There are 2 protein chains.
Amino acid sequence: MSAARPAGTPDPGRAAPDTGAPGGARPGPAGHTRPAGYDPSAFEPFAVTVDLAVFTVREERLHVLLVRRGEDPYRGRWALPGGFLHPRESAEQAARRELAEETGMEPDSTTAPLHLEQLRTYSDPGRDPRMRVVSVAYAALVPGLPEPRGGGDAEHAGWVALAEAGGLAFDHDRILADAHERIGAKLEYTGLATAFCPPEFTLGELQQVYETVWGVTLDRPNFRRKVLATPGFVAPAKDGTRRTGGRGKPAALYRAGAAAALHPPLLRPDPPQPPEGRTP
Amino acid sequence: MSAARPAGTPDPGRAAPDTGAPGGARPGPAGHTRPAGYDPSAFEPFAVTVDLAVFTVREERLHVLLVRRGEDPYRGRWALPGGFLHPRESAEQAARRELAEETGMEPDSTTAPLHLEQLRTYSDPGRDPRMRVVSVAYAALVPGLPEPRGGGDAEHAGWVALAEAGGLAFDHDRILADAHERIGAKLEYTGLATAFCPPEFTLGELQQVYETVWGVTLDRPNFRRKVLATPGFVAPAKDGTRRTGGRGKPAALYRAGAAAALHPPLLRPDPPQPPEGRTP
DNA sequence: TCCTTAATAGTCATCCTGACTATAAAGACC
DNA sequence: GGTCTTTATAGTCAGGATGACTATTAAGGA
């Protein structure tokens with residue numbers, strides 16, 4: 001089975017005399033001859049990691065799961081959880097594994113209605129001062145508030161309000177900002193917001209998710225009308241179950257619908273307007 | 001860089017003993033002790049490549065830039081252009097370099113109003129039968145129709161209509177499908193369509209881009225109204241320049257506006273409706 | 001019982017959109 | 001030159017969606 005000589009042997013092929021590259025076939029300043037394909041002479045091993053931006057909503061604020069770094073560089077600083085890819089796992093598998101290790105939830109998504117999504121890959125040379133590390137970043141959403149179980153070390157991992165999550169190690173500030181932006185955008189045209197909610201939720205709770213992630217306040221009747229008018233966004237829970245305990249009129253319970261995309265989308269109130277005007 | 005491994009740092013040879021659980025701290029099945037940070041014992045070198053899905057519109061059809069593989073595996077099959085990351089370049093730099101090598105356009109984006117965007121990263125073990133390769137995929141848009149210059153080999157690289165671009169090597173069919181979907185989606189809420197057009201274009205040409213990428217036909221007056229009503233999408237070119245030569249009334253020329261995002265978006269006609277209905 | 005709080009039900013004017021019709025200005029054809 | 005064809009551009013019109021509000025209902029707390 002594969003035995004895939006994981007490391008080294010820069011001969012692994014992806015290559016060959018390369019299409020018609022006669023003499024010194026190399027991409028020169030302007031005159032290169034070597035066109036496509038993978039050039040073995042360019043093969044270079046990198047370390048590949050995954051970094052996770054795990055979000056949840058706690059006390060009406062958006063929180064991120066962070067870990068405290070125990071060694072240099074950036075010792076003592078907060079960082080996104082993550083780790084190296086194992087030899088035979090995909091980046092997504094690695095992300096699920098790390099997520100399970102940090103939060104204690106099962107790696108198989110059967111347990112929690114979590115959402116895990118690849119964000120993008122960060123590959124700047126020098127993003128890790130020690131070595132060349134290419135990191136595939138993932139954004140994850142979890143509903144409840146499972147206290148992180150950072151290896152039993154209470155100080156090691158924790159939920160940090162997004163507003164206070166600055167000064168992270170490496171380029172994690174940027175990754176976190178990208179993840180926040182991506183999630184905010186996805187709330188507009190997908191039913192993703194339900195991933196922040198428990199299996200059964202009220203429309204008020206769902207609205208709270210939007211308001212928390214977007215940092216705005218929405219009109220309740222309008223939000224309600226929009227959500228209920230969007231096919232497949234939410235479906236009423238069993239019978240007339242209602243949320244008790246709270247103040248005010250009990251709210252009807254809903255669960256996530258089957259639709260992945262919202263048509264039409266639920267747009268943010270005032271997106272950053274382009275500073276250009278047009279002749280009316 | 002004919003000398004392969006100039007970047008000695010990670011020392012490709014010292015790959016961890018594969019699944020390498022060197023006794024010490026490693027994320028065990030359930031009981032792990034090491035939480036975050038990069039665990040050196042888990043370090044495993046991978047080959048990192050970029051793959052490019054370069055699109056253009058030719059003869060009212062969407063085309064992709066493909067290269068013919070000259071060696072096994074998948075010898076003779078079409079594949080997306082791409083290659084290994086060089087030791088000191090980021091994935092984006094590598095993507096620009098490869099794009100320049102394949103199309104002959106300058107790596108610096110000053111020349112062509114091209115668009116280059118990271119798509120996502122593909123990391124399934126086994127996606128390359130020879131070795132473990134993690135590939136960062138990029139989607140690129142180019143306006144004109146520069147004939148690819150695949151190292152002078154006419155058969156080596158070429159524009160292939162998307163409809164005929166099946167059976168690609170590796171997992172490139174999937175990458176290509178993902179890229180197409182991403183571009184189609186971005187046309188909805190960004191001014192990206194102008195990247196397919198020359199510096200000055202007519203609204204008819206812009207509409208052609210939408211129709212080609214989405215595979216639909218749009219109502220011309222409505223499209224016009226929508227585009228002109230979106231601030232910053234397009235701006236009228238100089239004076240009353242018009243496109244001559246064609247049949248019919250000469251069309252006014254426009255150029256790309258400053259707005260990156262369209263508000264409100266220009267939605268596709270009938271997106272795949274979720275197969276769920278709701279009580280009206 | 002009264003007050004507060006939150007959910008839910010409507011109203012209304014405005015904007016956007018899709019479907020169409022009409023007009024203008026060029027080249028093609030005879 | 002006089003059509004016809006083609007494409008650009010200007011409007012019209014009805015329906016749907018949205019934002020801003022107001023009103024009512026149903027709980028818990030003082």
Side-chain angles (χ1 to χ4, degrees), chain A residues 60 187-189 197 200-212 214 216-234 236-237 239-254 261-271 273 278-280, chain B residues 60 187-189 197 200-211 214 216-231 233-234 236-237 239-254 261-271 273 278-280:
Chain A
E60 311 195 350
L187 289 193
E188 289 189 319
Y189 56 95
C197 299
E200 297 199 331
F201 52 87
T202 71
L203 293 188
E205 293 166 350
L206 186 64
Q207 180 176 350
Q208 186 65 51
V209 169
Y210 276 90
E211 293 181 335
T212 301
W214 286 349
V216 300
T217 60
L218 303 175
D219 180 82
R220 199 183 296 267
N222 289 344
F223 180 84
R224 172 191 193 74
R225 182 222 292 159
K226 184 76 171 88
V227 169
L228 293 182
T230 301
F233 192 0
V234 299
D239 38 53
T241 2
R242 307 192 149 256
R243 173 127 309 169
T244 70
R247 294 188 299 246
K249 183 176 176 177
L253 289 176
Y254 295 84
L262 305 185
H263 294 290
L266 206 163
L267 297 175
R268 278 177 271 201
D270 18 64
Q273 278 293 0
R278 275 193 67 266
T279 46
Chain B
E60 312 195 350
L187 289 193
E188 289 188 321
Y189 56 95
C197 298
E200 299 198 329
F201 51 86
T202 70
L203 294 187
E205 292 166 350
L206 186 65
Q207 180 176 348
Q208 185 65 50
V209 169
Y210 276 89
E211 293 181 335
W214 286 350
V216 300
T217 60
L218 302 175
D219 181 83
R220 199 183 296 265
N222 289 343
F223 179 83
R224 173 189 192 76
R225 182 221 295 158
K226 184 75 172 85
V227 169
L228 294 181
T230 301
F233 191 0
V234 299
D239 37 53
T241 3
R242 305 193 151 257
R243 173 128 308 169
T244 69
R247 295 187 298 245
K249 183 176 177 177
L253 289 176
Y254 295 84
L262 305 185
H263 295 291
L266 206 162
L267 297 176
R268 277 177 273 200
D270 18 62
Q273 279 292 2
R278 275 194 66 268
T279 47

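Naming convention: chains lettered A, B, ... in sequence-line order (proteins, then strands); numbering from 1 in each chain. Quantities reported herein were computed from a predicted structural model and do not represent experimental measurements.
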Could you state the atom-to-atom distance from [atom1] of [X] to [atom2] of [N] in whole Å?
X       : N       : atom1 : atom2 : result
F223(B) : dT9(D)  : CZ    : C1'   : 14 Å
Q207(A) : dA6(C)  : CD    : P     : 12 Å
D219(A) : dC12(C) : CG    : P     : 17 Å
L262(A) : dA17(D) : CG    : P     : 14 Å
L218(A) : dC21(D) : CG    : C1'   : 16 Å
L228(B) : dA10(D) : CG    : P     : 8 Å
Q208(B) : dT7(D)  : CD    : C1'   : 13 Å
H263(B) : dA17(D) : NE2   : C1'   : 18 Å

(request) Measure the CD-NZ distance between Q207(B) and K226(B) for me, rounded to the nearest 0.5 Å. (result)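 One finds 13.5 Å between CD of Q207(B) and NZ of K226(B).
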(message) For the backbone of L187(B) and the side chain of Y210(B), can you confirm whether one donor and one acceptor N or O come within less than 3.5 Å of each other?
(response) yes
Which nucleotide in the list [options] gets nearest to the side chain of [X]?
X       : options                   : result
K226(B) : dT17(C), dT8(C), dT9(D)   : dT17(C)
N222(B) : dG18(C), dT22(D), dA20(D) : dG18(C)
R224(B) : dA10(D), dT8(C), dC20(C)  : dA10(D)
P221(A) : dT7(D), dT8(C), dT21(C)   : dT8(C)

(message) So Y254(B) and C197(B), do their side chains get closer than 4.5 Å, heavy atoms only?
(response) no
(message) My understanding is that only one of V209(A), V234(A), L253(A) makes a side-chain contact (heavy atoms from CB on, under 4.5 Å) with F201(A); could you say which?
(response)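 Passing option: V234(A).
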(request) Please tell me which of P264(B) and R247(B) maps to the more 5' nucleotide of DNA chain C, matching each residue to the nucleotide holding its nearest heavy atom. (result)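 Result of the comparison: P264(B).
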(message) I'd like to know if R225(B) reaches the base of dG18(C) with its side chain such that a donor and an acceptor end up less than 3.5 angstrom apart.
(response) yes
(request) Would you classify R220(A) as touching base, sugar-phosphate or nothing, given that sugar-phosphate means primed atoms plus P, OP1 and OP2, and contacts are heavy atoms under 4.0 Å? (result) base
(request) Evaluate the side chain to side chain contact (heavy atoms under 4.5 Å, CB included) criterion for residues V227(A) and L206(A): first the C-alpha distance (whole Å), next the side-chain angles of each, then the deciding distance (0.1 Å), finally the verdict. (result) CA-CA 9 Å; V227(A) 169; L206(A) 186 64; 4.1 Å; yes
